[in-house]
Amino acid sequence: MKSPPIREIADDLEGRIASGELQPGEQLPSTRDLAVQYEVSEKTIYRVISLMKASGQLEARQGKGVFVRSIKPLEWHLHRFERGSRRDDPAAGRDDWKAAAEEQGRVATQDTPRVSVEPAPSDVAKWLQVEPGTFVVARRRVRRVDDEPFQLADSWFPTSIALDTDLMVEDDVTRPGGILAFIGHPQVALRDEIRSWPPATPVEAERLELPEGIGTPVIRHPRIGYGEDGKPVRVMVTVAPGHLNTLVYEMEV
């Protein structure tokens with residue numbers, strides 16, 4: 001009998017998860033039992049499990065086995081984010097992103113930002129419309145939901161805008177209307193560029209606390225903000241594991 005391919009076995013297990021036959025938090029049968037059930041080698045089952053761990057549907061627990069992962073993706077409403085009447089609350093330390101997550105009943109936090117002045121990589125230089133290697137200010141953050149890393153949010157700014165401002169402070173700073181507006185450089189237009197880019201790089205995987213060697217698919221979302229003179233004032237590149245984030249746009253027609 002011809003052995004089912006890895007994707008076919010994964011599809012079957014995904015169907016069993018979707019139907020409720022396998023519940024979130026439930027332990028999978030042993031590798032040996034699954035190999036017997038699907039009439040394949042244990043090596044094939046290991047590859048199936050690796051595939052499903054990469055997609056976030058399964059998780060391995062040290063010394064216990066493999067379990068169906070409880071996943072509650074965050075809906076990230078990009079048509080509202082940083083637009084119109086922002087939901088920043090400096091007194092509560094709640095910026096627009098945290099407020100949006102909390103509206104979904106989630107607990108949103110942010111690790112202490114890391115700030116540096118460094119030469120702009122070629123992609124950042126293109127977005128900021130400067131020559132590659134021009135010094136820019138980088139502000140790197142890890143956003144957490146329910147204490148789990150959900151996004152990397154790394155921003156770059158022209159030094160003429162960021163130096164000697166709150167953007168240089170390595171703290172979770174919240175200002176009404178956002179820091180850029182607070183320091184006199186509001187964003188008046190935005191451009192989003194979204195790409196699926198599997199997998200996360202080793203550095204990104206480490207910052208996002210993703211399983212080693214799995215190659216988790218991620219979404220890369222650069223958002224370029226333009227000032228009143230039409231020139232870029234910031235590019236923020238968000239790296240979001242695909243299984244944890246649902247990007248949402250709502251538009252009138």
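Checked by atom type, the side-chain pair Q151/W97 shows a donor-acceptor distance below 3.5 Å.
Rounded to the nearest 0.5 angstrom, T112 OG1 and D172 CG are separated by 7.5 Å. The CZ atom of R86 sits 9.5 Å away from atom OG1 of T174, with the distance rounded to the nearest 0.5 Å. To the nearest 0.5 Å, atom OG1 of residue T201 and atom CD of residue E206 are 10.0 Å apart. In this structure, the separation between CG on L13 and CG on L34 is 6.5 Å, given to the nearest 0.5 Å. To the nearest 0.5 Å, the span separating OG1 on T31 from CD1 on I45 amounts to 7.5 Å. We find the CD-CD1 distance between E14 and I17 to be 7.0 Å, quoted to the nearest 0.5 Å.
For P222 against V235, the heavy-atom pair with the smallest separation is CB-CG2, 4.4 Å. Between I9 and T44 the shortest heavy-atom distance is CD1-CG2, 4.2 Å. I219 and N245 get closest at one heavy-atom pair: CD1-O, 4.2 Å. Contact record, P149 with L244: O-CD1, 3.6 Å, taken as the closest heavy-atom pair. The two residues A205 and A200 make their nearest non-hydrogen contact at N-CB, 4.1 Å. Nearest approach of S70 to P24, heavy atoms of both residues: OG-CB, 3.3 Å.
Linking ILVMFWY side-chain heavy atoms closer than 4.5 Å, directly or via other members, places V142 and L210 in a single hydrophobic cluster. With hydrophobic clusters built from ILVMFWY side chains whose heavy atoms lie under 4.5 angstrom apart, L22 shares a cluster with I49. Under the 4.5 Å side-chain heavy-atom criterion for grouping Ile, Leu, Val, Met, Phe, Trp and Tyr, M52 is connected to L28 within one hydrophobic cluster. In the hydrophobic cluster analysis, where Ile, Leu, Val, Met, Phe, Trp and Tyr join through side-chain heavy atoms closer than 4.5 angstrom, Y249 is grouped together with F81. By the rule that hydrophobic residues join a cluster once side-chain heavy atoms approach within less than 4.5 Å of another member, F182 and V169 end up as members of one cluster.
Applying the salt bridge (Lys or Arg N to Asp or Glu O under 4.0 Å) test to R106 and every residue at least two apart in sequence or in another chain returns D146. Judged as a side-chain hydrogen bond (donor to acceptor under 3.5 Å, both in side chains), and not counting sequence neighbours, the contacts of R94 are D89, E102. Take R69 and apply the side-chain hydrogen bond (donor to acceptor under 3.5 Å, both in side chains) test, not counting sequence neighbours, and it matches E148, H243. Under the salt bridge (Lys or Arg N to Asp or Glu O under 4.0 Å) criterion, E250 pairs with no residue, sequence neighbours left out. Legend: residues meeting salt bridge (Lys or Arg N to Asp or Glu O under 4.0 Å) with R191, ordered by chain and number and at least two apart, are E193. Evaluation of the salt bridge (Lys or Arg N to Asp or Glu O under 4.0 Å) rule for D12 yields no partner, not counting sequence neighbours. Partners of R80 under the side-chain hydrogen bond (donor to acceptor under 3.5 Å, both in side chains) rule, at least two apart in sequence or in another chain, do not exist in this structure.
Listed by first and then second residue, the side-chain hydrogen bond (donor to acceptor under 3.5 Å, both in side chains) pairs that reach into residues 19-28 are R16-E21, sequence neighbours excluded. Annotation: ring pair (Phe, Tyr, Trp, His ring centres under 6.0 Å) contacts involving residues 215-237, sequence neighbours excluded, comprise W76-H221. Sorted by first and then second residue, the pairs that involve residues 152-164 and meet side-chain hydrogen bond (donor to acceptor under 3.5 Å, both in side chains), not counting sequence neighbours, are D154-R207.
Looking at heavy atoms from C-beta onward, P158 lies out of side-chain contact with V130 at the 4.5 angstrom threshold. Taking the side chain as every heavy atom from C-beta outward, R234 and R139 never approach each other to under 4.5 Å. Side-chain contact between T165 and F157: absent, with no pair of heavy atoms (C-beta onward) separated by less than 4.5 Å. I161 is listed as a side-chain neighbour of L180, based on a closest heavy-atom distance under 4.5 Å.
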List, one per line, each side-chain donor-acceptor pair under 3.5 Å for residues 56-65, sequence neighbours excluded.
residue	atom	partner	partner atom	Å
Q57	OE1	S55	OG	2.7
E59	OE2	R61	NH2	3.2

Taking distance alone, no hydrogens or angles, what donor-acceptor pairs closer than 3.5 Å link side-chain atoms of residues 117-124 to residues at least two apart or in another chain?
residue	atom	partner	partner atom	Å
E118	OE1	S116	OG	2.5
E118	OE1	R140	NH1	3.2
E118	OE2	R140	NH2	2.8

Checking D147 against V107 for the side chain to side chain contact (heavy atoms under 4.5 Å, CB included) test, could you report, in this order, the C-alpha distance in whole Å, the side-chain angles of both residues, the deciding distance, and whether it holds? CA-CA 7 Å; D147 205 35; V107 177; over 6 Å; no

What's the verdict on side chain to side chain contact (heavy atoms under 4.5 Å, CB included) for K72 and V145, showing C-alpha distance, side-chain angles and the deciding distance? CA-CA 10 Å; K72 187 180 179 183; V145 176; over 6 Å; no

Would E75 and E103 count as a side chain to side chain contact (heavy atoms under 4.5 Å, CB included) if you check the C-alpha gap in whole Å, the side-chain angles of each, and the deciding distance to 0.1 Å? CA-CA 10 Å; E75 285 194 358; E103 286 173 1; over 6 Å; no

Show your reasoning for whether side chain to side chain contact (heavy atoms under 4.5 Å, CB included) applies to E209 and R144. CA-CA 11 Å; E209 301 174 17; R144 295 178 182 268; 2.8 Å; yes

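Salt-bridge annotation for R143 and D95: absent, with no side-chain N of the basic residue lying under 4.0 Å from a carboxylate O of the acidic one. A salt bridge does not link D88 to R175: none of the charged side-chain nitrogens sits closer than 4.0 Å to a carboxylate oxygen.
R223 places a side-chain N or O within donor-acceptor distance of the main-chain N or O of L78, the cut-off being under 3.5 Å.
Open room surrounds CZ on R195; 12 or fewer heavy atoms of other groups in view lie less than 6.0 Å from it.
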